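Structure first, commentary second.
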Amino acid sequence: MSRLAAGVTLITAHDPEDGLAGEDVGMTATAFLSVSLEPPLVLVSVRVGSRMDELLERQPCWAASVLSESQRHVAGRFAMRGRVSDRLLFDDIPYTRGAASGAPLIGGALSILECRTTQRVPAGDHTLVIAEVLTARTPSAGGRPLAYFRGRYHQLG
């Protein structure tokens, strides 16, 4: 499957149960896709037992920011395993908070979707999270996407 090129998306959610103000959580995903136009549904695959899997099990609202080719550093940062705290990862990344999801919406993303989980499907060592799209914006529609192929990030063209 490493030879199947994919777009790169940052999945984010806010965990209100973590500390006084809660904590923002992020995960780089290449298994993110459109499922249906009517109603608008998307799917993301998350590793079972990961922080994001555990959070999305109890927090139905989350966001997906489709990353541009200039955001390779963001993708790499949130793809690290064994990181200590997501709080530090958001420190110098521009974002706003989604009105519908409460999740961080990454500045400079090609498109931003706010979602609400409708179904969780166990699939081997991953969970397929299917969600209704609550809001969709294309703040940087003129940019080019970040792609992932053979274990590395690439630019198109």
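Here the structure is a predicted model, which is why all the values come from computation and not from measurement.
- The side-chain heavy atoms of Ile112 and Val66, taken from C-beta on, include no pair separated by under 4.5 Å.
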### Message
Let's go through Glu23 and Arg51 carefully: what are the C-alpha distance in whole Å and the side-chain angles of both, what is the deciding distance for salt bridge (charged side-chain N to carboxylate O under 4.0 Å, His left out) to 0.1 Å, and is it a yes or a no?
### Response
CA-CA 12 Å; Glu23 184 174 19; Arg51 173 91 190 267; 3.4 Å; yes
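- Between the His154 side chain and the Leu146 main chain, no donor and acceptor come within less than 3.5 Å of each other.
- For residues 34-70, no residue pair satisfies the ring-ring contact (aromatic ring centres under 6.0 Å, His included) rule, not counting sequence neighbours.
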### Query
After noting the C-alpha distance and the side-chain angles of Thr28 and Tyr148, does the key distance pass the side-chain contact (heavy atoms from CB on, under 4.5 Å) rule?
CA-CA 11 Å; Thr28 301; Tyr148 192 74; over 6 Å; no
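- Formation of a donor-acceptor pair under 3.5 Å by the Thr118 side chain with backbone atoms of Ile130 is found in this model.
- Formation of a donor-acceptor pair under 3.5 Å by the Arg97 side chain with backbone atoms of Gly102 is found in this model.
- Contact of the Leu134 side chain with the Cys115 side chain is not registered, since no non-hydrogen atoms from C-beta on lie closer than 4.5 Å.
- With respect to Phe78, the side chain to side chain contact (heavy atoms under 4.5 Å, CB included) criterion is satisfied by exactly one of Ile106, Ile11, Ile93: Ile93.
- A donor-acceptor pair under 3.5 Å links the side-chain atoms of Ser36 to the main chain of Glu38, judged by distance alone.
- With respect to Asp91 and Arg77, no salt bridge is recorded, no charged nitrogen being found less than 4.0 Å from a carboxylate O.
- Glu114 and Arg137 are not joined by a salt bridge, as no carboxylate oxygen comes within less than 4.0 angstrom of a charged side-chain nitrogen.
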### Query
side-chain contact (heavy atoms from CB on, under 4.5 Å) between Leu67 and Leu10: does it pass, once the steps are laid out?
CA-CA 7 Å; Leu67 300 181; Leu10 185 65; 4.2 Å; yes
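- In the hydrophobic cluster analysis, where Ile, Leu, Val, Met, Phe, Trp and Tyr join through side-chain heavy atoms closer than 4.5 angstrom, Leu41 is grouped apart from Val133.
- Side-chain N or O atoms of Ser111 include none that pairs as donor or acceptor with a backbone N or O of Thr138 at under 3.5 Å.
- A donor-acceptor pair under 3.5 Å is absent between the side-chain atoms of Glu57 and the main chain of Glu54, judged by distance alone.
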